[in-house]
S.K.: 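The structure's right below; bear with me while I get my questions together.
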Number of protein chains: 2
Amino acid sequence: MDGQAERPASGGENGAIRKRLPPAERRQQIIDEAVRFFAEVGLEGKTRELARRLGVTQSLLFNYFATKDELIDAVYEKVYIGRLSPDWPERLTDRSVPLRYRLLAFYTEYSALIFEREWMRIFMFSGLDGASLNRRYLKHLGDVILHPLLAETNALARTNTPPKMEDVWNLHGGIVYIGIRQHIYRMPEPPKPQEEIARAIDKYLLFFGIDPGD
Amino acid sequence: MDGQAERPASGGENGAIRKRLPPAERRQQIIDEAVRFFAEVGLEGKTRELARRLGVTQSLLFNYFATKDELIDAVYEKVYIGRLSPDWPERLTDRSVPLRYRLLAFYTEYSALIFEREWMRIFMFSGLDGASLNRRYLKHLGDVILHPLLAETNALARTNTPPKMEDVWNLHGGIVYIGIRQHIYRMPEPPKPQEEIARAIDKYLLFFGIDPGD
DNA sequence: AACTCTATTGAGCAGATGATCTTTAAATGC
DNA sequence: GCATTTAAAGATCATCTGCTCAATAGAGTT
């Protein structure tokens, strides 16, 4: 009933011979492209289109992943894993360093990791989907980053209104929103994101009367 | 080849007679349900499922909307229209009122409008989709709200670092992020959103040395 | 060069999906 | 009560989509 079917590989667009990779390598190749693909079009992207971009047949995908959901799980894993470095909780609570520097260091590194189109979009797609990995990530973020950060702020706050968790979320959200604007809404990148992050942090510290050197 | 086909109406779940509404009313009913439906499952939600929720046949939808895209456009219109009240630019620049009150008034009203699951999620879905209405909305927001707001801040700022557009975006983003957490990531609602908004505003004003009474 | 192993292709199925068109029946006017 | 109008249902199409499986051919071994 078809007569045309798929027709990739065997020479294809470029002259590259793309057949018969070692399975581990092919699997990785598929995941890498799937991350780009799903980040661009969403999790409802079709396997045939993904296969076309890879220059392989659609059926090959199911040789490496039993179902599309399993492929998406691999994409989640690849994207979520390693996004929260395990040494941050320690560094954020190192009181030998002024809080301002700790915050600057954290958000400089963190924004470098998350202000990236693939991460931002897949995070948002999976969030809208209610993916459990997304919820776990946010809980983890709260536990190991934001909550400690509240404690650090509390330890230094000089105002009579004590810092609340919501204040930390506000700091965090204001910074993350830079990436949302850029990668979800595709607005132009702000001139100097690092500077905006620094200002957000200073705003936060000033509100609680925390000196830059504390 | 079917033998079963769709089978809604004619009594259905509840005893309500649902046939033969006036076209304008039916059209509105479809749009209303479509907003809820697409907000929940995304724009790739299937017309058959939407029809099932409405208790009508899938083919009826195409009696009111030529294509699914046309229905989605109607959803966009319903959701986006009236979200930015036209009198805000005026009220935001009324210098007889302290800036703090103007900001409080604006964000109290604005958050009441946008901290709503349907809006938040359809806005995000359409943003990820690159919908032109989404881009126009953000441009409009920048032009009629945020840019004037920068001018107002500038007029009152007492610090030597002048306010920048990015500062306004940071204020805005930090507030909007409250709704994102709640409706996109489905985290629990903060205890008192209004209070958090007030604190975000005060942080902003304090950073530029603007007195609450100014 | 023949042989083996298995990564990859090619063909196709079953169910889903947007859309079309004919038929049915609810409301209205006479 | 009957005819007319048209909202809604019912049937169905062409295509798409995730997935399966037998056939093919690339690369290493002998």
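All of these numbers come straight from a predicted model, not from anything done at the bench. Lettering follows sequence order; numbering is per chain, from 1.
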S.K.: Just call it for A:Phe65: base, sugar-phosphate, or nothing, with non-hydrogen atoms closer than 4.0 Å on any strand.
M.R.: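 A:Phe65: no heavy atom of the nucleic acid under 4.0 Å.
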S.K.: Look at the side chain of A:Arg83 and the backbone N and O of A:Leu113, then say whether any donor-acceptor pair between them is shorter than 3.5 Å.
M.R.: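 Side chain of A:Arg83 to backbone of A:Leu113, a donor-acceptor pair under 3.5 Å: yes, one is there.
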S.K.: Rounding to an integer number of Å, can you tell me how far A:Arg27 CZ sits from C:dA7 P?
M.R.: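 Spelled out: CZ on A:Arg27 to P on C:dA7 is 13 Å.
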S.K.: Does A:Arg199 have any salt bridge (charged side-chain N to carboxylate O under 4.0 Å, His left out) partners at least two apart in sequence or in another chain, and if so, which?
M.R.: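 By the salt bridge (charged side-chain N to carboxylate O under 4.0 Å, His left out) rule, A:Arg199 matches B:Asp167.
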S.K.: Any N/O pairs under 3.5 Å between the protein and nucleotides 3-6 of chain C? List them or say none.
M.R.:
{"unit_1": "C:dT6", "atom_1": "O2", "unit_2": "A:Arg20", "atom_2": "NH1", "d": "3.1"}
{"unit_1": "C:dT6", "atom_1": "O2", "unit_2": "A:Arg20", "atom_2": "NH2", "d": "2.8"}

S.K.: When the distance from CG of A:Leu54 to P of C:dA7 is rounded to whole Å, what number comes out?
M.R.: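 A:Leu54 atom CG is separated from C:dA7 atom P by 17 Å.
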S.K.: Polar pairs (N or O, both sides) under 3.5 Å between protein and nucleotides 28-30 of chain C?
M.R.:
none

S.K.: Using the side chain to side chain contact (heavy atoms under 4.5 Å, CB included) rule, take B:Leu92 and B:Glu152 through it: C-alpha gap first, then chi angles, then the decisive distance, then the call.
M.R.: CA-CA 8 Å; B:Leu92 276 172; B:Glu152 295 308 301; 5.6 Å; no
S.K.: Provide a list of protein-nucleic acid N or O atom pairs under 3.5 angstrom, restricted to nucleotides 16-18 of chain D.
M.R.:
{"unit_1": "D:dG18", "atom_1": "OP1", "unit_2": "A:Lys68", "atom_2": "NZ", "d": "3.1"}
{"unit_1": "D:dG18", "atom_1": "OP2", "unit_2": "A:Thr47", "atom_2": "N", "d": "3.1"}
{"unit_1": "D:dG18", "atom_1": "OP2", "unit_2": "A:Thr47", "atom_2": "OG1", "d": "2.8"}
{"unit_1": "D:dG18", "atom_1": "N7", "unit_2": "A:Arg48", "atom_2": "NH1", "d": "2.8"}
{"unit_1": "D:dG18", "atom_1": "N7", "unit_2": "A:Gln58", "atom_2": "NE2", "d": "3.3"}
{"unit_1": "D:dG18", "atom_1": "O6", "unit_2": "A:Arg48", "atom_2": "NH2", "d": "2.9"}

S.K.: Let me know the distance between CG of B:Asp69 and P of C:dT17, rounded to the nearest Å.
M.R.: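 Distance check: B:Asp69 CG to C:dT17 P gives 16 Å.
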S.K.: Can you name the residues that form a salt bridge (charged side-chain N to carboxylate O under 4.0 Å, His left out) with A:Lys139, not counting sequence neighbours?
M.R.: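 Expected list: A:Asp143.
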S.K.: Considering heavy-atom distances to DNA chain D, does B:Asn63 or A:Asn63 have its closest nucleotide positioned more toward the 5' end?
M.R.: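 Comparing both residues, the 5'-ward one is B:Asn63.
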S.K.: Any side chain to side chain donor-acceptor pair (under 3.5 Å) involving residues 62-79 of chain A? Give me the pairs, sequence neighbours left out, ordered by first then second residue.
M.R.: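 Qualifying pairs: A:Asp32-A:Lys78.
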S.K.: Go through it in stages, so that I can follow the logic: the residues are A:Gln194 and A:Thr108, the test is side-chain hydrogen bond (donor to acceptor under 3.5 Å, both in side chains), and I'd like the CA-CA distance, side-chain angles, deciding distance and then a yes or no.
M.R.: CA-CA 7 Å; A:Gln194 291 313 309; A:Thr108 297; 3.3 Å; yes
S.K.: Taking only Lys NZ, Arg NE, NH1 and NH2, and the carboxylate oxygens of Asp or Glu, determine whether A:Arg117 and A:Glu40 approach each other closer than 4.0 Å.
M.R.: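 Here A:Arg117 does not pair with A:Glu40 in a salt bridge, since their nearest N and O are not under 4.0 Å apart.
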S.K.: If I take atom OH in residue B:Tyr64 and atom C1' in nucleotide D:dA8, what distance separates them, rounded to the nearest angstrom?
M.R.: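 Going from OH in B:Tyr64 over to C1' in D:dA8 covers 8 Å.
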S.K.: To the nearest Å, how far apart are B:Glu49 CD and C:dA16 P?
M.R.: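 In whole Å, C:dA16 P and B:Glu49 CD are 12 Å from each other.
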S.K.: Would you call the rings of A:Tyr137 and A:Phe123 parallel, tilted or perpendicular if under 30° counts as parallel and over 60° as perpendicular?
M.R.: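 Aromatic pair A:Tyr137/A:Phe123 classed perpendicular.
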S.K.: Would you call B:Glu196-A:Lys164 a salt bridge at under 4.0 Å N-O?
M.R.: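 Counted as a salt bridge, because a side-chain N and a carboxylate O are separated by less than 4.0 Å.
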S.K.: To the nearest angstrom, how far is B:Arg26 atom CZ from C:dA27 atom C1'?
M.R.: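 After rounding, the reported distance stands at 14 Å.
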S.K.: Over how many whole Å does the gap from B:Leu61 atom CG to D:dG10 atom P extend?
M.R.: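 Nearest whole value for this atom pair: 14 Å.
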S.K.: Just how far, in rounded Å, is P of C:dT22 from CG of B:Leu60?
M.R.: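 So the two atoms are 18 Å apart, to the nearest Å.
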S.K.: Calculate, to the nearest 0.5 Å, the distance between atoms CH2 and CZ belonging to B:Trp88 and B:Arg102 respectively.
M.R.: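 CZ of B:Arg102 is found 16.0 Å from CH2 of B:Trp88.
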S.K.: Would you compute the distance between atom CD1 of B:Ile178 and atom CG of A:Asn170 and round it to the nearest 0.5 angstrom?
M.R.: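 Reported value, rounded in 0.5 Å steps: 6.5 Å.
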